[in-house]
Amino acid sequence: MSERWKRKKEKRAERKRQQEKYTWADVFGDIFFWIPELFFLPFRLLFWILRGLVRALGNLFDGI
């Protein structure tokens, strides 16, 4: 019974180690996904701000 318990414990520990690995490929993948997002974020924010201002001015003139 003791030998079976040790094998079971080792298998569980190995499975836990494999599930929690964050490899260099994961790091590079995250970086490659975030670089375009960080590059386009200022342009996207500017677009949404200008769009909101134009709509607000349009609504202002509709009320006149």
Side-chain angles (χ1 to χ4, degrees):
M1 191 69 132
S2 176
E3 185 65 33
R4 180 178 169 266
W5 182 257
K6 286 179 185 179
R7 280 186 287 138
K8 188 175 180 181
K9 189 175 179 181
E10 287 174 9
K11 283 183 183 180
R12 188 176 23 196
E14 181 66 30
R15 196 175 330 126
K16 187 175 181 182
R17 277 193 297 261
Q18 288 177 352
Q19 290 175 351
E20 294 179 1
K21 286 187 179 178
Y22 192 73
T23 63
W24 282 104
D26 295 329
V27 172
F28 289 125
D30 289 342
I31 289 171
F32 287 132
F33 279 115
W34 273 97
I35 286 174
E37 290 293 325
L38 292 176
F39 177 72
F40 289 116
L41 181 65
F43 300 111
R44 225 182 282 166
L45 288 174
L46 184 64
F47 170 77
W48 285 106
I49 289 170
L50 289 175
R51 185 177 178 199
L53 289 174
V54 169
R55 283 188 175 192
L57 286 174
N59 289 338
L60 179 68
F61 289 124
D62 285 341
I64 294 176

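Residues Trp48 make up the rest of the hydrophobic cluster containing Phe47, defined by ILVMFWY side-chain heavy atoms closer than 4.5 Å, directly or through other members. Here Leu45 is tied into one hydrophobic group with Leu41, each link being a pair of ILVMFWY side chains closer than 4.5 Å. In this structure, Phe43 belongs to a hydrophobic cluster whose other members, linked by side-chain heavy atoms under 4.5 Å apart, are Phe39, Phe40. When hydrophobic side chains of Ile, Leu, Val, Met, Phe, Trp and Tyr are connected at separations under 4.5 Å, Leu38 ends up clustered with Trp34.
For Arg55, the side chain to side chain contact (heavy atoms under 4.5 Å, CB included) test picks out Arg51, with sequence neighbours left out. A search for side chain to side chain contact (heavy atoms under 4.5 Å, CB included) contacts involving Val27 returns Tyr22, Trp24, Ile31, not counting sequence neighbours. Listed by chain and residue number, Glu37 satisfy the salt bridge (Lys or Arg N to Asp or Glu O under 4.0 Å) test with Arg44 (two or more places apart in sequence, or in another chain). Looking at residues two or more places apart in sequence or on another chain, you find a side chain to side chain contact (heavy atoms under 4.5 Å, CB included) between Leu53 and Ile49. Residues meeting the side chain to side chain contact (heavy atoms under 4.5 Å, CB included) test with Phe33, sequence neighbours left out: none.
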